[in-house]
Amino acid sequence: MISVQQALHIIDTTKIVHHIKKVKISKSLGFILAEDILAPINMPSFRQSAMDGYAIIWSDNTDYKVTEESKAGDAKHITLQPLEAVRIFTGAKVPDTADTVVMQEHVSKHADGIRIIKMPRQGANVRPVGEQVHAGDKVLTEGTRLNEAAIGFLAGLGISKIAVYNTPKVSVLVTGNELQTHGKPLKDGAIYESNSVMLKMALQRFGIKKIKIFKAKDTLKATNKAIKKALDYGDILLISGGISVGDYDFVKEALDYNHVNELFYKINQKPGKPLWFGKKDQQFVFALPGNPASALTAFYVYVLPILKKYSGFSDYHLPRLQAKLNSAFKNTTGKTLFLKGYCKDGNVGILPSQQSSMLNTFATSNVLVTIPEDVENLEAQEHVTCINLDGYGN
Ligand code: AMP
Ligand code: MG
């Protein structure tokens, strides 16, 4: 058995070969950029007015004659003389000779033209060529997470396709004779199967789109076969159940049979002690304990970092935060605990129903309070480290 730190160290040092694909920017939300982006054009590419108003050659005079108009999208070339003004609108081309745009609110109109009531500084309200970026500048670097702002920025540069790190295809294999699908009243001794949809939702929330569910009964033959099929599909395989030491737990043996090499098995933690992690060539396999809270906890702490590393994230662990414990807590287990908690304004409460079979309070928790194996007593108001389940910082 290894400690949580040792298990996380193995996760951290696991090397993953990335897969890169070209995608349309509209399909790149949430992906990690796999290339540096150089600006193909100046932005703006011509001198633009930042206001609705009048373009002038700046001087001490207040009165100007309005000669022409320049609206957004006009391509015409206007030459302006001193004491002339061009009516101009936001985003329109500023005439070459003009150096200043006066806001229309600072102007009064009269028969011959305009009078400037409030003269701006010379150069005001003109966006120079390349004000935002110059052609050839490195404007986004490899490793950037693509959010809507980044995608809008790329669109403004005229870039329509980019290279991103591909996300893995994931197989989810649920094992257990007792598992019943929905739609019929429960048979005696059966339970409704819930891990496959739970894991699928967790995968989807964190950006995994290609997911396939497989099922196996508790026999060695069925487990061998199902693991083989699941490996044929997924880059990453999550197995639920059958990894403990009971007489009907066949997953470990079946992983050996399928030549998946163990990287770790059993962690000194609660919930989720019998967690197994292994590798076959470039495929990764997690065998998660079947108890739903164990499976989900293992997903957040160990599976998600591998999925995120695979997808190009450099910050691949869920963010940790410090919070003050609402009430004292004793850890008499000698194990690292991951406790369902609810954190608000820096204070965290540990929720009831911590058993690994229970999801009722997991459903309303927003953190996992982490209590190290060597910490026995925690006083109220002491600080604890919590895993923030609400997402990735970035
Ligand atoms: P196992 O890890 O196979 O020994 O299963 C541990 C516990 O989790 C048992 O009570 C199982 O019935 C339950 N369990 C296993 N797989 C699932 C599943 N897919 N959905 C809900 N509960 C499960
Ligand atoms: Mg089982």
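No hydrogens, no waters, no symmetry mates; every other heavy atom, side chains included, goes into these values. Indexing begins at 1, ligand by ligand and atom by atom, following the structure's order.
- In this structure, Arg145 fails the cation-pi test against Phe31, since its NZ or CZ atom is not both closer than 6.0 Å to the six-membered ring centre and inside 45 degrees of the ring normal.
- Side-chain heavy-atom separations under 4.5 angstrom define the hydrophobic clusters, and the remaining members of the one that includes Leu220 are Tyr248, Phe250.
- Between the side chains of Thr90 and Asp52, at least one donor N or O lies within less than 3.5 Å of an accepting N or O.
- Cation-pi geometry between Lys308 and Phe313 is met: under 6.0 angstrom from the ring centre, within 45 degrees of the axis.
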Quick one: ligand 1 N/O to protein N/O pairs below 3.5 Å?
{"unit_1": "ligand 1", "atom_1": "2 (O)", "unit_2": "Gly290", "atom_2": "N", "d": "2.9"}
{"unit_1": "ligand 1", "atom_1": "3 (O)", "unit_2": "Gly242", "atom_2": "N", "d": "2.9"}
{"unit_1": "ligand 1", "atom_1": "8 (O)", "unit_2": "Gly290", "atom_2": "O", "d": "3.3"}
{"unit_1": "ligand 1", "atom_1": "8 (O)", "unit_2": "Asn291", "atom_2": "N", "d": "3.1"}
{"unit_1": "ligand 1", "atom_1": "12 (O)", "unit_2": "Glu178", "atom_2": "OE2", "d": "2.5"}
{"unit_1": "ligand 1", "atom_1": "14 (N)", "unit_2": "Gly290", "atom_2": "O", "d": "3.3"}
{"unit_1": "ligand 1", "atom_1": "19 (N)", "unit_2": "Glu193", "atom_2": "OE2", "d": "2.9"}
{"unit_1": "ligand 1", "atom_1": "20 (N)", "unit_2": "Ser194", "atom_2": "N", "d": "3.1"}
{"unit_1": "ligand 1", "atom_1": "20 (N)", "unit_2": "Asn195", "atom_2": "N", "d": "3.3"}

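- Across every non-hydrogen atom of Pro305 and Ile11, the tightest pair is CB-CG2, 3.8 Å.
- Thr223 and Tyr257 share no side-chain donor-acceptor pair at under 3.5 Å.
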